[in-house]
Every structure is written in C-alpha cells, then in structure tokens.
Amino acid sequence: MKTQSVSPPGNGNLYEALRAAFPSALDAIAVETEDGLCYSWHDLERASAMLANLLQSLNLPAGARIAAQVDKSVEAMLLYLATLRAGFVYLPLNVAYQSTEIAYFIGNAEPAVVVCTGKNFGWVSKIAFSAGTQSVFTLNSDRTGSLLERAAHCSDQQRPAKCQADDLAAIIYTSGTTGRSKGAMLTHGNLLSNAQVLKEYWGWRSQGEGADVLIHALPIFHVHGLFVAIHGALLSGSKMLWLSKFDPKWVIERLPRATVFMGVPTLYVRMLAEPELNRATTRQMRLFIAGSAPLLIETFSQWQHRTGHTILERYGMSETVMLTSNPYFGDPALRRGGTVGLPLPGVSLRVRDEQGQPLPVGQIGGIEVKGANVFKGYWRMPEKTAEDFTVDGYFRTGDVGKIDEQGYVSIVGRSKDLIISGGYNVYPAEIEGYINEMPGVAESAVVGAADADFGEVGVAVVIAKPGAVLSPSAIIAGLKSMLANFKIPKRCYVVEELPRNAMGKVQKNVLRAQYGSDPAP
Ligand code: MCA
Ligand code: AMP
C-alpha cells in the first residue's frame, strides 16, 4: 500500500547495509553481556553467516517465515540477522505467549521453521508440526540447543541474499481491535530507511573514539528492542551493553560506561525509584530515549531534575516503525515533554476528522501517516489492509492527536480500544472474548486504569448469568492459564450491570471513571 520505497545500498539486503557500517576493527567488542561474555564484530559476522547457511541448507521456499519464541539472548539477535542474510522473513514472538496464542500465530503465519526454548519444545513442536512447519529447533539462553548445534557444522562465510527494497524482512504481530492479531509486513526498505533516518536524527556516533555505547535492556520480540535499538547500534558500529531482562540497578551501574539508553516509560519510572540515579551516574550519557507508551510529564520532569538530562520522546508503531521524534540537536528545551516531537524526515503526518477532512493546527483528530517506513500491509488480510489506508495512501494509525504551530505532535488518545501496559499492547476485545467463554459469565468489559508502574493496566468488569456465582480470583486464575501474563487484568469486579448508551453500547469511559482507580467503589 505504501507509495515510496528506499532501495538499500549494495545488494538490497538490510543485513548488507548494517554490515557495511561495522567498524574496520572487526576484533573490537560489539556486544558485552551481563555475565561478561564479549562478542566481537567478527563474531557477529561469522555466527550470523553460519546460522544463515543452516537456514539456506533447509531448501525453504522463497519468503519462508522463521518464527522464534525464545528468551532474549545475543544468539536470538544473531538468528534475526541470519534470517535477513538468508533472505527469509523473521517472525519474533513474545516469550510470555501461551499455547493458544502460539497456535494462532503459527497457524496464521505458517512458518517453515520454528525456534523455541528447550523447555517448550514439547508443546511448541506439536503445534508447529501440525501446522505444517518443516523444522523445529531449540535455542536456550545459555547458548545450548539444536539450532546452534546444527549451525556449528555450517560454513562461516555467506553472501547475503539479493533483495528488493519491497521484499519482506519481518512480520510483527500486533493485536487487533476484534481480538484477532494482525501480522504487520515490514520490508527491507521500510526498516533500513527508518534506521538511516534515526541514525542522522539522533546523531548516532560511529566507530572509534567517542563512538556510542548503547545499553540494550528491552525485549527483542517487538519493534523497540529489535529494530530501533539494534539497528541503531549496528548501523553506527556502536557497542551494546546487553541485558537479558531489565534490572534498574544493573542499568544504573552501567550508565557511566554508556552514552545511549532506550526504554519504555516503566523503565524510567523504575530507575527513578533508585537512589543511585543522579547527575554523577548519568554524566557520561548523551541521550535518553523513551517511547512505546505515553511518558508522563511527571516522569519527564523528575528525570530532568534528578539527572540534568532531558528525555527525548518519540512515537512509532509496529506498522510504521518510528514516525515522530523530539529533536536531538539544538537546545534540549526543544524536547518538549508531553509531545512526541516532529514528524521524522520522510514521514508525512496529518490529522483528520472522522469524515477524513483536514483539521487546522491545534485541533484533535485521527493521525494518518505516509512514508518509506510505512508497512506493506497485514499478512493475508487484504481487506483489513485496504480499510486502514486512505485513498491517497495514508495509513490510519488509530491514534488521536494534534499538531501545534511549531509542528509538534501530541497524542491525546486512541480511537482503537487499546491498553498499553508497561509498553506492551493489550486489546480488551481479546481478553473479553476469553472471559465471556467462562462458565457462568454473561458479559464482560475490560478497560484501562492508570498505574504508577505500568502506566496503564487492565481491569475486568464482569456480569454473571442469572443464578451463577462468579469469583473474581477464579476469573483471573482462568485467564492466567490461557494468556500471556502481561495481558491479565490486575483487578476484576463482578457487578450487576454495565453502563450503556442509548444505542446499547457499553460506555467504557464510564467504567474507566468508576473502576480506573484502586480501591474500587
Ligand atoms: C510484566 N508484568 C506486566 C508487564 N510486564 N504486567 C503488565 N504489563 C506489563 N508490561 C507482570 C507479569 O505478568 C508478572 O505478573 C509480573 O509483572 C512480573 O513479571 P516479569 O516478567 O518479571 O516483569 P518485569 O521483568 O518486571 O517486566 C516489566 C517490564 C516489561 C520490564 C516493564 O514488561 C518490559 O520489558 N516491557 C517493555 C515492552 C516493550 O519492549 N515494548 C515495546 C513494544 P504475575 O507475577 O502476576 O504473573 S514496540 C512498540 O510499542 C512500538 C512500535 C514503539 O513505539 O516502540
Ligand atoms: P504497537 O502496536 O506495539 O506497535 O504499539 C503502537 C502504539 O503505541 C501506537 O499506535 C501508540 O498508540 C503507542 N505509542 C508508541 N509510542 C508512543 C508515545 N511516545 N506516546 C504515546 N503512545 C505511543
């Protein structure tokens, strides 16, 4: 659906462009893990070649999907790079997903290869083989598993597959308003164009003395940790201090050795709770970037007060990678709290009313975007794709916002019924679907409630069938057995009725006002 595309240099493969930015001193350290393990640039090149050769030896069809549901590790990142090199399509899956969720993704994407942890091999391989997957490998965070065992026999030389800018590089599943997840198809051109823009816009410092050092503390199965962070570091030949699971103390201890940090707002909130966060520990830092969820002005101001640094907030989506950013260059006061900054170079962003008419400066409406970064469409959902694009090729983000006289964008809400909890998206329709299936449940509504740690959390409000007696804790326990843990409502209320408007539609705004703060009435 997009109208512009950028051809990656070289043979068109995103990996080739990343590889071209590696420092000339290939023996320098590229990644250092929390247990002190160091990977050189040469290691990244060789190990991703071996994994790419393994994938290519499987005689997979063109466009084959390589799905991975593994813990965060450098080897998992290498699998992503290998998939790019081999010209296949990477499909990362949150480790928190349970069997019904995985069955949907595998059934929908039909990956030729699935990589999972050894402990999940039993149930994941059963799902994968029954969906027609050719090979299931294991990969554990301690660098064991059949994937690396098999790759160890492959050559460490590999020529990246030739690609067109429009060829798929990854599919990122994002939850749907109807509860059915949609696979956003991102191309080599989408990812590279965005990474190149961010390299300039955020002033990434390449190689040698004064090169950036990124603290990588985010999961790598979503856009933020996988693309924004990893592409940023690789495309500027910058070292990464790699943390498999966020720990505020660990990050603060490493700040004196780093220059760039990226996090969802919850990470900033948790770091602020640590007394060691101060001007001295952050003196060396060049840039703190926040995104994936609204950064409260309170967090923005507290960070400034405590560290002297102004957080740079940016805005993006799985379908578009990054769209806007506060400025890096110039006076830090140009980074305005409560806004997500200006459209990035190459991104056209406009605000329209419900009839699709342009709105003047300062008026609130639906945010629509266009650019080389905008995805190719939803996997096997042409109607849904067509629905989400305007006739002149703009993608309707589902975010509601405004643009001020200086061009700064503020997000004030969402037309999509979505809760963003600790940077993860939770669609109420999906959770409601599971609750409504439970015995004795007549109906349910899930709404977002403000939360000091996660920003927002889900709250379930449930109606029982006549004569049925429901227990909130049993409903929560039932959900835990079926859904990823971050989707579980933090509170559940069984009530007599749900508030409705004249059309009979549940008034979620009323529920939010009623149950959005703890303790409930
Ligand atoms: C964990 N829990 C959560 C969440 N994470 N509950 C609600 N929301 C969450 N995000 C709950 C678990 O269910 C569990 O509950 C308890 O917290 C402890 O789980 P644990 O895994 O130990 O949690 P944690 O390590 O403290 O994780 C919190 C976290 C993590 C570090 C904030 O959620 C995280 O890494 N978030 C970042 C997500 C991210 O990268 N988003 C980017 C998406 P119980 O004990 O009851 O089971 S990309 C994107 O949005 C766009 C494109 C963009 O703009 O970037
Ligand atoms: P995802 O589906 O995980 O790609 O999440 C994308 C959504 O996250 C966007 O449509 C926004 O609603 C939200 N988002 C991302 N960055 C920000 C931000 N800085 N402020 C507010 N919302 C954001």
Side-chain angles (χ1 to χ4, degrees), residues 71-72 92 94-96 98 172-177 181-184 186 194 198 216-229 243-248 250-251 262-271 289-297 299-300 311-326 337-341 366-367 369 373 375 388 395-401 409-427 448-449 451 453-459 476-477 479-481 483-491:
D71 293 315
K72 181 178 175 184
N94 195 322
V95 270
Q98 303 217 29
I172 305 290
Y173 273 89
T174 106
S175 311
T177 35
S181 284
K182 305 161 289 179
L186 292 158
N194 206 239
L198 294 177
H216 194 305
L218 287 163
I220 57 168
F221 30 70
H222 292 300
V223 162
H224 201 160
L226 183 63
F227 301 144
V228 189
L243 181 59
S244 55
K245 191 172 187 300
F246 174 71
D247 172 354
W250 190 96
V251 172
M262 290 183 196
V264 301
T266 301
L267 272 50
Y268 286 97
V269 169
R270 291 188 182 181
M271 283 161 73
I289 300 170
S292 307
L295 180 74
L296 294 183
I297 194 80
T299 312
F300 175 87
I311 297 176
L312 177 154
E313 186 173 2
R314 79 343 172 245
Y315 154 59
M317 296 182 74
S318 300
E319 290 91 335
T320 63
V321 215
M322 295 302 101
L323 291 165
T324 71
S325 171
N326 272 280
T339 83
V340 292
I367 296 177
V369 295
N373 53 310
F375 75 138
D388 284 356
F395 172 62
R396 298 188 181 94
T397 62
D399 290 310
V400 174
V409 178
S410 301
I411 297 175
V412 300
R414 302 167 203 130
S415 59
K416 49 194 178 191
D417 191 12
L418 162 71
I419 298 167
I420 305 184
S421 186
Y424 285 142
N425 288 4
V426 180
Y427 273 85
D451 183 81
D453 185 27
F454 293 120
E456 219 179 350
V457 292
V459 172
I476 296 283
L479 289 174
K480 280 191 177 177
S481 68
L483 288 170
N485 57 9
F486 63 88
K487 295 182 189 172
I488 310 301
K490 301 287 185 220
R491 301 192 292 277

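Just so you know, ligand 1 is whichever comes first in the structure, and atom 1 is the first atom listed for that ligand. Heavy-atom basis, side chains included; hydrogens, waters and symmetry copies ignored. Sequential numbering from 1 along the given sequence is applied to the chain's residues.
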Phe395 and Phe375: aromatic ring centres closer than 6.0 Å?
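Yes.
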Minimum-distance protein heavy atom relative to [atom]:
atom                    : value
atom 3 (C) of ligand 1  : Phe454 CZ, 3.3 Å
atom 42 (C) of ligand 1 : Ser292 OG, 3.4 Å
atom 54 (O) of ligand 1 : Arg314 NH1, 2.8 Å
atom 41 (N) of ligand 1 : Gly423 O, 2.9 Å
atom 25 (O) of ligand 1 : Lys245 NZ, 2.6 Å

Compute the minimum heavy-atom distance from [X] to ligand 1 and say whether it is under 4.0 Å.
X      : value
Ser318 : yes
Gly291 : no
Lys487 : no

Any [X] heavy atom less than 4.0 Å from ligand 2:
X      : answer
Arg314 : yes
Lys416 : yes
Asn425 : yes

Going by the order shown, which atoms of ligand 2 are within less than 4.0 Å of some heavy atom of Glu313?
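By the 4.0 Å cutoff, the relevant atoms are 18 (C), 19 (N), 20 (N).
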Could you tell me whether [X] approaches ligand 2 through its side chain, its backbone, both or neither, with non-hydrogen atoms closer than 4.0 Å?
X      : answer
Ala293 : backbone
Ile172 : neither
Pro294 : both

Residues forming a ring-ring contact (aromatic ring centres under 6.0 Å, His included) with Tyr173, sequence neighbours excluded
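If we apply the ring-ring contact (aromatic ring centres under 6.0 Å, His included) test to Tyr173, skipping adjacent residues, the hits are Phe105.
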Results of ring-ring contact (aromatic ring centres under 6.0 Å, His included) for His216 - residues two or more places apart only
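If we apply the ring-ring contact (aromatic ring centres under 6.0 Å, His included) test to His216, skipping adjacent residues, the hits are Trp242.
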Out of all atoms in ligand 1, which are within 4.0 Å of some heavy atom of [X]? Include the element for each.
X      : value
Lys490 : 3 (C), 6 (N), 7 (C), 11 (C)
Val223 : 48 (S), 52 (C)
Leu218 : 40 (O)
Met317 : 52 (C)
Gly316 : 54 (O)

Counting heavy atoms only, which of Ser410, Ser318, Gly316, Gly423 comes nearest to atom 7 (C) of ligand 2?
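Closest candidate by heavy-atom distance is Gly316.
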Among Ser421, Pro489, Ala293, closest by any non-hydrogen atom to atom 9 (C) of ligand 1:
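The nearest heavy atom belongs to Ser421.
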